[in-house]
Amino acid sequence: MLFSYFHEIYEGIKRDKPLIHHITNYVTVNDCANIVLALGGSPVMADDHKEVEEMVSIASALVLNVGTLNQRTIESFILAGKKANALGVPVVLDPVGVGATNLRTQTLQRILKEVKLSVLRGNMSEIKNIYGQDGKTRGVDSVDDSLAGGKEIALELAKRLDCVVAITGATDIISDGEQVFYIENGHKMLSRVTGTGCMTTSLIGTCVGTKKNPFHGAIMGTAIMGIAGEMAYEALEQKEAVGTFRMKLMDAIGSFSMECFQERGKIHEA
Amino acid sequence: MLFSYFHEIYEGIKRDKPLIHHITNYVTVNDCANIVLALGGSPVMADDHKEVEEMVSIASALVLNVGTLNQRTIESFILAGKKANALGVPVVLDPVGVGATNLRTQTLQRILKEVKLSVLRGNMSEIKNIYGQDGKTRGVDSVDDSLAGGKEIALELAKRLDCVVAITGATDIISDGEQVFYIENGHKMLSRVTGTGCMTTSLIGTCVGTKKNPFHGAIMGTAIMGIAGEMAYEALEQKEAVGTFRMKLMDAIGSFSMECFQERGKIHEA
Amino acid sequence: MLFSYFHEIYEGIKRDKPLIHHITNYVTVNDCANIVLALGGSPVMADDHKEVEEMVSIASALVLNVGTLNQRTIESFILAGKKANALGVPVVLDPVGVGATNLRTQTLQRILKEVKLSVLRGNMSEIKNIYGQDGKTRGVDSVDDSLAGGKEIALELAKRLDCVVAITGATDIISDGEQVFYIENGHKMLSRVTGTGCMTTSLIGTCVGTKKNPFHGAIMGTAIMGIAGEMAYEALEQKEAVGTFRMKLMDAIGSFSMECFQERGKIHEA
């Protein structure tokens, strides 16, 4: 059933080449642009407050990523987010490192208050912080990979925020407030490359940019990253080759097809 | 004939290692730095208004790329551009996404008014927008790859701006306002990697940094990218491997020699 | 003897995954993040003045890199540096391009005046400039690779600044003001990839993040880069393949072990 939705999204991406407007961090921005392009979307990065509203007006989705937020871009997050809401452009938020500093926590609260999200994607630390539990954030990497409570948190937070919540980790947990899906794809090498979380958010942005159900888009984008991680790892000749792994990850996305889902997808209701 | 000019430029790069000052976007900046270095130049990225004039004073060329422009860097474009003009340092401009927002369009107009360019390089959408036709820009990727009218636009715009105009696409069109050259090199995989346009602009900057004729420099820089794209594609074992392609592109530039022109160059007058 | 210190640092990184807070440039930031992660640390990049003090408070080391400094980040360098000093968090400084502009030189002087460093790492041009000699800086690449006087400069500057000084080049020279070590590892291909200096600084940051002797950390971080450069070069099938070299460099760090030191380390007292 899910696969037929994925198929529609996949066709939509290939047909429409959705423009995905990012206001994102300068650490992983190149990888985010390349991964959107590899899947078939068209990335555009623009963050000045004088152009973000206009840019989001021609976009199919807006990705907000607070990885290297600053006073200037915080205003742009809000302006672009509100404009996206007014126009029905789906908004995907990556709360990088929320909880690590007050600035991040306050900015997240402000975005959540002023902008209606379609999808919120973070690691367990980040999502727990937003949920209101101590997320044990330390920098931008999750230090909490337990699955315990994840299902309830995803479900409750999705209800509260009225959006899809995707918690990515060894097992990904995705909920729209009614259903919860687990994705068992992926490989631990993904945590040895910076920005695989950001890239997953950009893939989700590309999928929801087709304007199909954002729940399906979030599951699909997350699953693509997990499956690509498996494909990249299998293509390695040397196990700890993190540089080669990163390149092969992009290769896997560039050659991704619906068959990859059928052969490898480990997606099931919780 | 052209090859003897290319040879002079090539020797100049290897001998002088020209310093190429970039004020550029944070999406593709690393690729731009690496490609300048791969060809034999020395890249420097500096954008604060308190240092750009001093930096451009020691540079052999200035590359302005508006991909992620903001209020702060717009001032730096102007300051650096004017200083470059005063000192006779060639200026190469990449009008990324002009037409997508008013901020981009106005900034481009301002740069063109206040700074004298040596080379303007863009895709057909961007160049048509500057020329005054509806360029159908959508984000930063060209949605207009028709060759129709390209020759006239390049020629007329080059005359009007008194600079070299390079329109890159499936066929590249380059004019100095008197002659027009077509370059038939390249591969469609180049459009599946972000920043190949920006990188072409940086290669042009490196070539014009030798202070030879900017028309020859623009043709040479553009042709190198096209030829490198062919070499990178041929080196692939798996066709859709966009990550590997991107790496092989850098390998091709790093091992580029004059023989590559002789064996592969498809450059002719229009 | 040195190896037993390296062993302690190595174990510390693997055990504690030190959080390395960077305020760095947008050119090589992704490579810096990936290299820290490849060695076993946890990178975080954050530069807003409202969060840098809080971020450095949870960090194991602070890396300041002035590559693309601006008015906003200069304040953040100072705020974060002072906080790091107050908390005993080691500070590693990369004076990219000091001497190329007054802004860089003044900023460096200000940082050196207001922040106590653990390690200063630069190329010969940059270190000579700080030492007070004409460093012949031209952009961000060293144009001075002579070893002459290096030992004395490293020793004297380390005494004067009361920190470890690492001069990287064909031969790396590292001093704590009492001893001087030379490292003969490395490969000239390292100078054909942008950011290998920045990456070395980040590796040093990761090593000193274990809170062991910063002299040992600086020697170790520098030697890892040199050895990884040799490993990457040997893994190349095509000699001028700068793109592949860059990827293999990351592979080498990702698979680095203490055996690499024993087999390849060329470290000796001057």
Side-chain angles (χ1 to χ4, degrees), chain A residues 24-34 45 47 66-74 96-107 125 136-143 189-199 236-251, chain C residues 16-60 68 70 72-73 75-76 228 231-232 235 243-257:
Chain A
T24 190
N25 70 74
Y26 56 83
V27 186
T28 65
V29 58
N30 183 270
D31 291 328
C32 290
N34 267 314
M45 279 59 183
D47 66 22
V66 303
T68 53
L69 82 180
N70 63 48
Q71 305 304 315
R72 191 174 68 74
T73 51
I74 290 168
V96 184
V98 61
T101 66
N102 281 318
L103 181 68
R104 283 170 196 251
T105 304
Q106 286 160 8
T107 300
S125 297
K136 288 182 203 139
T137 303
R138 206 200 54 162
V140 295
D141 291 320
S142 183
V143 287
M189 280 290 274
L190 286 166
S191 66
R192 297 200 60 196
V193 174
T194 199
T196 49
C198 304
M199 288 185 250
L236 291 186
E237 286 168 23
Q238 187 204 333
K239 290 309 169 198
E240 303 296 315
V242 293
T244 305
F245 176 78
R246 179 175 172 236
M247 180 186 76
K248 295 279 183 189
L249 194 62
M250 217 52 95
D251 286 352
Chain C
D16 302 333
K17 212 184 174 191
L19 185 69
I20 312 304
H21 178 196
H22 288 65
I23 304 179
T24 189
N25 70 75
Y26 56 84
V27 185
T28 64
V29 58
N30 183 270
D31 291 328
C32 291
N34 267 314
I35 212 159
V36 169
L37 210 45
L39 189 62
S42 177
V44 66
M45 278 63 181
D47 67 21
D48 193 77
H49 69 278
K50 287 206 177 167
E51 75 166 351
V52 292
E53 291 168 294
E54 212 175 342
M55 194 62 93
V56 80
S57 303
I58 56 168
S60 296
T68 54
N70 62 50
R72 190 174 68 73
T73 51
E75 293 312 313
S76 297
M231 292 166 70
T244 304
F245 176 78
R246 180 175 171 235
M247 180 186 77
K248 295 279 183 190
L249 194 61
M250 216 52 96
D251 286 352
I253 306 283
S255 60
F256 203 88
S257 68

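In this text, all values refer to a predicted model and were calculated from it rather than measured experimentally. Chain letters run A, B, ... following the sequence lines, proteins first and then strands; every chain starts at 1.
Atoms OH and CG, from A/Tyr26 and C/Asn25 in turn, are 8.5 Å apart once rounded to the nearest 0.5 Å. With values rounded to the nearest 0.5 angstrom, A/Arg104 atom CZ is found 10.0 Å from C/Glu54 atom CD. Between the CE atom of A/Met247 and the OG1 atom of C/Thr244 there is a distance of 7.5 Å, given to the nearest 0.5 Å. A distance of 12.0 Å separates CG in A/Leu103 from CD in C/Glu53, rounded to the nearest 0.5 Å. With values rounded to the nearest 0.5 angstrom, C/Leu39 atom CG is found 9.5 Å from A/Arg192 atom CZ. To the nearest 0.5 Å, the span separating CD1 on A/Ile74 from NZ on C/Lys50 amounts to 8.0 Å.
In terms of modelled atom types and a separation under 3.5 Å, the side chain of C/Arg72 and the main chain of A/Asn70 share no donor-acceptor contact. Looking only at distances, no side-chain donor or acceptor of C/Asp47 sits under 3.5 Å from a matching main-chain atom of A/Thr68.
Interface summary for chain C: among A/Val193, A/Val29, A/Asn102, the most heavy-atom pairs under 4.5 angstrom belong to A/Asn102. The residue among A/Thr101, A/Leu69, A/Val27, A/Thr28 with the most heavy atom pairs within less than 4.5 Å of chain C is A/Thr101.
Neither the backbone nor the side chain of A/Asn30 comes within contact range of chain C; no heavy atoms are under 4.5 Å apart. Neither the backbone nor the side chain of C/His21 comes within less than 4.5 Å of any heavy atom in chain A. There is no contact between C/Ser57 and chain A, counting heavy-atom distances below 4.5 Å.
The minimum heavy-atom distance between A/Val242 and C/Ala38, with the atom names listed, is CG2-CB, 3.9 Å.
Considering only heavy atoms from C-beta on, C/Asn34 comes within 4.5 Å of A/Arg246 through its side chain.
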